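Below: one structure, written as structure tokens.
Note that ligands are numbered from 1 as they come in the structure, with each ligand's atoms numbered from 1 the same way. If you're wondering where the values come from, they're calculated on a predicted model, not measured in any experiment.
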Amino acid sequence: MRVFRAAHLGFCFGVRDALKVVAQVPNPAEVTIRGELVHNPLVLHQLDDRGFHREPETQRDALPATRQVMVTAHGISDRERHRLLAAGKELIDTTCPLVTRVHRAAQQLAQEGRHVIVIGRPGHVEVQGIVEDLPHCTVLAGPHPIPDLPSRFLGVVCQSTTPPRLAAEVVAALRARFPEADLQVVDTICQPTRDRQQAVLDLLPQIDALVVVGGKNSNNTRELARLAQERGVRTLHIEHLAELDPRWFQGVETCGLTAGTSTLDSTVADVEAALRTLVPPPTAEPSISPTPATRSPEECPSLGAA
Ligand code: SF4
């Protein structure tokens with residue numbers, strides 16, 4: 001089987017920088033990480049082994065017990081930042097600058113008096129941080145349905161890992177629904193997300209199947225899988241090498257490989273090495289059904305994230 005590696009895949013600079021900061025923390029037992037530093041179970045286990053305290057992304061109301069609090073690359077609202085500082089917490093801030101850019105763009109639109117629309121996954125930690133600082137806003141996960149809005153003076157930003165195609169569809173739907181609206185769109189999709197999505201699109205014409213490596217709750221990873229699936233390419237989303245089943249590759253002659261922005265280089269390398277030596281069963285053998293691209297509880301009834 002021939003294996004084609006995407007031109008852009010795996011760790012983005014935001015995740016790399018966050019992990020560098022984490023690696024330099026001298027006393028992990030004195031630090032609480034608010035939410036998932038990265039949506040990667042292997043990394044999270046490593047953090048647990050080092051003794052970090054971790055709080056679920058959904059339980060941010062209570063104050064962390066430790067004095068030091070780590071803010072993840074997904075960021076937090078200014079309101080939450082002030083609350084933590086007022087409580088005497090010391091912040092170790094790994095917010096990605098491209099997430100900060102989304103916050104500032106949304107706040108600027110709100111200051112102009114616009115009703116802000118955030119294209120992203122409702123409840124996602126990055127989206128939560130953005131909307132908490134806005135007086136009013138609407139979060140749209142997709143172009144359908146577009147709800148009525150309290151104003152026709154509108155501003156649009158995107159969760160940083162939004163697929164460009166999806167953002168364009170939502171903006172088009174807004175323009176169609178409110179043709180009279182004054183709509184200002186600020187493109188806040190991060191370049192690493194764009195690069196990884198485009199690299200998958202570039203691969204598709206030359207592959208029979210695509211393997212996507214990354215956390216099942218990683219939004220950008222799931223979007224890579226979705227991109228290929230929507231174009232009819234057999235797609236396998238796995239978190240690690242052990243999930244590779246040679247039977248899935250029956251009849252596959254050319255396979256693409258990509259990975260989300262929170263996937264360890266070593267995990268990608270392990271999967272790539274296995275793919276390059278994998279011998280798919282001949283097509284005459286009984287096949288198994290292609291594995292669904294994503295199988296997390298959220299995805300299969302409904303996010304994933306960054
Ligand atoms: S995916 Fe984009 S916004 Fe998120 S950490 Fe990486 S570079 Fe930053």
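Both Val268 and Met1 belong to a common hydrophobic cluster when Ile, Leu, Val, Met, Phe, Trp and Tyr are linked at side-chain heavy-atom distances under 4.5 angstrom. Residues Leu278 and Leu236 share a hydrophobic cluster, clusters being chains of Ile/Leu/Val/Met/Phe/Trp/Tyr side chains in contact below 4.5 Å.
Interface atoms of ligand 1 facing Cys12, defined by a heavy-atom separation under 4.0 Å, are 1 (S), 5 (S), 6 (Fe), 7 (S). Per-residue contacts place Pro192 under 4.0 angstrom from the following atoms of ligand 1 (heavy atoms of the residue considered): 7 (S). For ligand 1, the atoms sitting less than 4.0 Å from at least one non-hydrogen atom of Thr161 are 1 (S), numbered in the order shown with element in parentheses. Which parts of ligand 1 touch Cys190 is read off a 4.0 Å heavy-atom cut-off, strictly below it: atoms 1 (S), 2 (Fe), 3 (S), 7 (S). Close approach to Phe13 involves these atoms of ligand 1, each under 4.0 Å from a residue heavy atom: 7 (S). Under a 4.0 Å criterion applied to the non-hydrogen atoms of Gly14, ligand 1 contributes the atoms 5 (S).
Proximity of Asp265 to Arg16: side-chain heavy atoms (C-beta onward) are separated by under 4.5 Å at one or more points. The shortest side-chain heavy-atom distance between Arg194 and Pro164 falls under the 4.5 Å cut-off.
For Asn220, no heavy-atom contact with ligand 1 is shorter than 4.0 Å.
For Arg114, the side-chain hydrogen bond (donor to acceptor under 3.5 Å, both in side chains) test picks out Glu112, Asp182, Gln184, with sequence neighbours left out.
Among the backbone and side-chain atoms of Cys96, an N, O or S atom lies under 2.8 Å from atom 8 (Fe) of ligand 1.
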Output a table of donor-acceptor pairs, distance under 3.5 Å, between side-chain atoms of residues 18-33 and any protein atom two or more places apart or on a different chain; print 'none' if there are none.
| unit_1 | atom_1 | unit_2 | atom_2 | d |
| --- | --- | --- | --- | --- |
| Thr32 | OG1 | Thr66 | OG1 | 2.5 |

